[in-house]
2 protein chains.
Amino acid sequence: MTALAARADARPSARKRAGNGATRRIDADEIGLDALVGHAGYAVRRFQIWIFQDFVKTLGNVDIRPTQYSVLTVIGANPGLSQMAVAKRLGIERARLVHLLDSLEQRKLVKRVKSKTDRRSHALHLTAQGETALAKFKRLAAEHERHVEDRIGKENRERLLRILADFT
Amino acid sequence: MTALAARADARPSARKRAGNGATRRIDADEIGLDALVGHAGYAVRRFQIWIFQDFVKTLGNVDIRPTQYSVLTVIGANPGLSQMAVAKRLGIERARLVHLLDSLEQRKLVKRVKSKTDRRSHALHLTAQGETALAKFKRLAAEHERHVEDRIGKENRERLLRILADFT
DNA sequence: GGAAGTTTGTTGTTGACGACAACAATCGTC
DNA sequence: GACGATTGTTGTCGTCAACAACAAACTTCC
C-alpha cells in the first residue's frame, strides 16, 4: 500500500530523515495518512472542498455560491416561507440567513414581504427576475453535477446520494 | 413527493400562504428541496457538518479539532516532515499550518526542529507527550467513527470510504 | 385582560477555515 | 556569484458555524 519508489525527477517533494542527519526527497504520495484513511470525515471533507470549488467555478459567471443557490431553490419551490422556516430546513442559522437575504434582495432576486398574519415574520418570494435567474442557475448547477459524475462515476454518485439521503 | 398532511399538533413550523392572505402551519419536512435533492454537494455538505460536529463533541474533552487531529496523525506517522510537505499532503495552506503548529507547539504536542540540511525548513516531530496524547486522540476518533457507523450503517460507511478513496 | 414566556428578525462577536499577497532567509542552478 | 524558486511567516479578506443579546410581536396561562 505504501509507495516506496523514490523518483529522482520528482519536483514537489519534502525531505525525509535518513539514518544519519541527512534528508532525501519524498513525494507527497509517499506520506502515509495512517489512521486518517479509515476516517470517513477526512474523505468527506476533502471531497466537500473539491465539490465546493467546482460549484463556485461553474457558477462563477453568475456569482452564486452553494448556500445562496440552496436558499433560492427552496424559496422558489416554497414561496411565502418565513426566514425561520428556510433557516431550519437548510440548517442555516437565522442570523446568517439575514445577511444572505440582504445580499439576494439587493440583487433583486428575492423580496421580503411583510406577513399579514404574523407581523414579526417575512414571507419570502422570488422576484420575476429571481425566477428567470434561478432557472439559469439550475442549468449551471446541473452542469456542475455532471462534473461530479465525471469525477467519481455515475453509479458512485447515485450510491452517495442514497447513502446520505436522510441528511438532506 | 410533496407532503400535504397538515399536523395540528406540530410545534416547529412555518406559515404557508393559502389562497387568500391567510397562512397555515407547515412542518419543516413539508418544505420541498426541489433541485437540491439531486445535488451530491448539498448532501455532502450536510453530512460533513454532522460528522464534524460529532467529532468535535467526541474529542471535546481533549480539545482537538479535526484539522489538528489530521496534522498530528500525519506528523506521528511521518516524523521529520517539513511544514510544506504536511500542508501539501493534507491540502492545508502553509499559511494556515503556521497557526495550527503554533497552537500545537504551545501545547507541547509538537516540536519544530531546525533542519540541518535546509536551514529554511523545520522538521516536525511529536513530543513524547504528543505521542501519548495522539494515542488517546486516536481512541476517541475511533469512537467517533463508530458513531458514523451507527448513523449511516457499517456497509454504507465502507462504501463511502471506497467511493471517496482518491480524494484523500 | 394582562403578565410572563416564547418566537422572529436583527445586530454583533468570536473563532475556524480557505484563498491570496507580500516578505526575508535560504536553497538550487546556471 | 547572480538569479529564480522554495520555505516559513505575517497579514488581509471573505465565508461560515456558533453564541449572545435585543426589540417587536405572538402565545399561553391565570
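Numbered from 1 within each chain, the chains take letters A, B, ... in sequence-line order. In this text, all values refer to a predicted model and were calculated from it rather than measured experimentally.
The stretch residues 58-70 of chain B participates, sequence neighbours left out, in these salt bridge (charged side-chain N to carboxylate O under 4.0 Å, His left out) pairs: B:Asp63-B:Arg107.
Across residues 41-65 of chain A, A:Arg45, A:Ile49, A:Gln53 each have a non-hydrogen atom less than 4.0 Å from an atom of DNA chain C (numbered order).
Distance CD1 (B:Ile92) to P (C:dA16): 14 Å, rounded to an integer number of Å. If you take CG of B:Leu100 and C1' of C:dG15, they are 12 Å apart, rounded to a whole angstrom. Rounded to a whole Å, the CD atom of A:Glu93 is 14 Å from the C1' atom of D:dT15. Remark: P of C:dA16 and CG of B:Leu97 are 15 Å apart, rounded to the nearest angstrom. When rounded to the nearest whole Å, the span between CG of B:Asp118 and P of D:dT6 equals 12 Å. Between the P atom of C:dA25 and the NZ atom of B:Lys114 lies a distance of 14 Å, rounded to the nearest Å.
Results of the side chain to side chain donor-acceptor pair (under 3.5 Å) test with A:Asp118 over A:Arg120, A:Lys114, A:Lys116 single out A:Arg120 as the only residue that passes.
A salt bridge does not link A:Lys111 with A:Glu105: none of the charged nitrogens is closer than 4.0 Å to a carboxylate oxygen. Note on B:Arg151 versus A:Asp166: salt bridge recorded, some NZ/NE/NH1/NH2 to OD/OE distance being below 4.0 Å.
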Listed pairs, N/O of protein and of nucleotides 8-10 of chain D, under 3.5 Å:
from	atom 1	to	atom 2	distance (Å)
D:dG8	OP1	B:Gln83	N	3.0
D:dG8	OP1	B:His122	N	3.3
D:dG8	OP2	B:Met84	N	2.7
D:dG8	N7	B:Arg94	NE	3.0
D:dG8	O6	B:Arg94	NH2	3.1
D:dT9	OP2	B:Gln83	OE1	3.0
D:dT9	OP2	B:Gln83	NE2	3.0
D:dT9	OP2	B:Arg112	NH1	2.8

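Look at B:Thr67 and you won't find any side-chain N or O under 4.0 angstrom from OP1 or OP2 of C:dA16.
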